[in-house]
Amino acid sequence: MLELREICRGDLAEINSWRSSRGLVDCLGAPFRFINQEVDEAWFDAYLRSRANTIRCAVVEEEAPDAILGIVALTGIDWVLRSAVLHLMVGRKANQGRGVGTFATHAMLQHAFDDMNLHRVELEVLTENDRALSVYQRAGFSVEGTKRQAAYKHGKYVDVHMMSILKDDWVSRPSQ
C-alpha cells in the first residue's frame, strides 16, 4: 500500500539520481542540468526554510518507508488566494506505470483541499507528456491554456499546458 511522508535528508541520494537522469528530466519542463549532492543539500536546506509555503512528500510503500518511489510537492502556497502549484516526479523507470503518480496526485490533492483548505491547485505539463496529462485529467484537472514553445527539449521548443483544479471540482468529481 502506498503512502506519503515528508521528504528527509536521507532521501537526497535517490532524488539526486533521478534529477541526474536525462530520460526522466526529458518528461519535465525544466532543462537537464548536472546536479551534484551539494546542490541537492542546498535545495533541501532551502525547503526546510520554506515549509510555511511548501510541502514536499515522498511516495513510499507502507512496508518500506525508506525506499522512495517518487516525490510530490505543493509549492508557492498562497494563504490569501488559497492556491498552490503541484509538482510530481516518479523516479526509476521500474516504478513508472504502476499507479505511483496517480496515487501521489490524489493523495496530495486530498491533503490540499481537505486538510489545508486550499481553493486552487495548478501545474504545468509538457503537451507531449501523455502519461502525465492522463493522470492529471483523471484527477480532475482542466487545461486552462497552452504556453507555446515554452520549454526547450532535444534541440527544439515545445508547448506547455497550464492546468488547474478547484476545490469544487475535486469535491464534485465522480468517485475514483
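Side chains are part of it too, since the values below use all heavy atoms of this structure and drop only hydrogens, waters and symmetry mates.
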Q) Less than 4.5 Å apart, any side-chain heavy atom of Trp79 and any of Leu118? A) yes

Q. Should Leu12 and Leu48 be counted in the same cluster of Ile, Leu, Val, Met, Phe, Trp and Tyr side chains packed under 4.5 Å apart?
A. yes

Q) Is it true that a side-chain atom of Asp159 and a backbone atom of Gln149 form a donor plus acceptor pair closer than 3.5 Å? A) yes

Q) Looking at CZ of Arg173 and CZ of Arg138, how far apart are the two atoms once the value is rounded to the nearest 0.5 Å? A) 12.5 Å

(Q) Is there a continuous path of hydrophobic side-chain contacts, each under 4.5 Å between heavy atoms, that joins Leu123 to Leu126? (A) no

Q. If you measure from the Lys or Arg side-chain nitrogens to the Asp or Glu carboxylate oxygens, is any gap between Arg5 and Glu3 under 4.0 Å?
A. no

Q: Taking atom CD of Glu38 as the centre, report whether more than 12 heavy atoms of other residues, nucleotides or ligands fall under 6.0 Å from it.
A: no

Q: Find out whether Val60 and Leu2 are in side-chain contact, i.e. whether some heavy atom of one side chain is under 4.5 Å from a heavy atom of the other.
A: no

Q.
Tell me every residue that passes side-chain hydrogen bond (donor to acceptor under 3.5 Å, both in side chains) with Ser17, counting only those two or more places apart in sequence or in another chain.
A. none

Q: Output yes when Arg19 and Asp40 qualify as a salt bridge under the 4.0 Å nitrogen-oxygen rule, no when they do not.
A: yes

**Q.** Trp43 CH2 to Asn16 CG distance, which is reported to the nearest 0.5 Å
**A.** 10.0 Å

Q. Do the non-hydrogen side-chain atoms of Phe44 and Asp11 ever get within less than 4.5 Å of each other?
A. no

Q. Measuring from Glu14:CD to Ile71:CD1, what's the distance to the nearest 0.5 Å?
A. 10.5 Å

Q.
Run the side-chain hydrogen bond (donor to acceptor under 3.5 Å, both in side chains) test against Asn117 and tell me which residues pass, sequence neighbours left out.
A. Lys167

Q.
I'd like to know if Val90 and Leu28 are part of one continuous hydrophobic network [Ile/Leu/Val/Met/Phe/Trp/Tyr, side-chain heavy atoms within less than 4.5 Å].
A. no

Q: May I have the step-by-step check of side chain to side chain contact (heavy atoms under 4.5 Å, CB included) for Met163 and Glu124, ending in yes or no?
A: CA-CA 6 Å; Met163 301 181 80; Glu124 291 187 356; over 6 Å; no

Q: Can you measure from OG1 (Thr75) to CD1 (Ile55) and round to the nearest 0.5 angstrom?
A: 10.0 Å

Q. Between Ile77 and Leu4, is there a shared hydrophobic cluster once you connect ILVMFWY residues whose side-chain heavy atoms come closer than 4.5 Å?
A. yes

Q.
My understanding is that only residues two or more places apart in sequence, or in another chain, count here; which of them pass ring-ring contact (aromatic ring centres under 6.0 Å, His included) with Phe32?
A. Phe34

Q.
Just checking His119 against Trp170, ring centres under 6.0 Å apart?
A. no

Q: With rounding to the nearest 0.5 Å, note down the distance linking CG in Leu86 to OH in Tyr136.
A: 5.5 Å

Q.
According to ring-ring contact (aromatic ring centres under 6.0 Å, His included), who are the partners of Tyr152, at least two apart in sequence or on a separate chain?
A. Tyr157

Q) Given side chains that start at C-beta, do those of Asp26 and His154 come closer than 4.5 Å, heavy atoms only? A) yes

(Q) Using the rule that Ile, Leu, Val, Met, Phe, Trp and Tyr join whenever any side-chain heavy atoms are under 4.5 Å apart, tell me whether Met162 and Val85 fall into a single cluster. (A) no

Q: Apply salt bridge (Lys or Arg N to Asp or Glu O under 4.0 Å) to the pair Asp45 and Arg9, showing each step before the final yes or no.
A: CA-CA 9 Å; Asp45 291 340; Arg9 197 170 297 278; 2.7 Å; yes

Q | No-hydrogen, no-angle side-chain donor-acceptor test under 3.5 Å, Thr146 and His161 | A | yes

Q) So, Glu6 and Arg56, do they make that salt bridge, N to O below 4.0 Å? A) no

(Q) Checking one residue: Val39. Which other hydrophobic residues are in its cluster under the side-chain 4.5 Å linking rule? (A) Ile35

Q | Candidate pair Glu128 and Lys153, rule salt bridge (Lys or Arg N to Asp or Glu O under 4.0 Å), full reasoning | A | CA-CA 11 Å; Glu128 57 194 37; Lys153 296 288 178 178; over 6 Å; no

Q. Any side-chain heavy atom of Ser134 sitting closer than 4.5 Å to one from Asp130?
A. no

**Q.** Nearest-0.5 Å distance that lies between atom CD1 in Ile68 and atom CD1 in Ile7
**A.** 8.0 Å

**Q.** Side chain proximity check, Asp169 to Phe141, heavy atoms < 4.5 angstrom
**A.** no

**Q.** Side-chain heavy atoms of Leu166 within contact of Phe113, under 4.5 Å
**A.** no

Q | Minimum side-chain heavy-atom gap His111-Met116 below 4.5 Å | A | yes

Q.
Using the salt bridge (charged side-chain N to carboxylate O under 4.0 Å, His left out) criterion, which residues pair with Glu62? Sequence neighbours excluded.
A. none

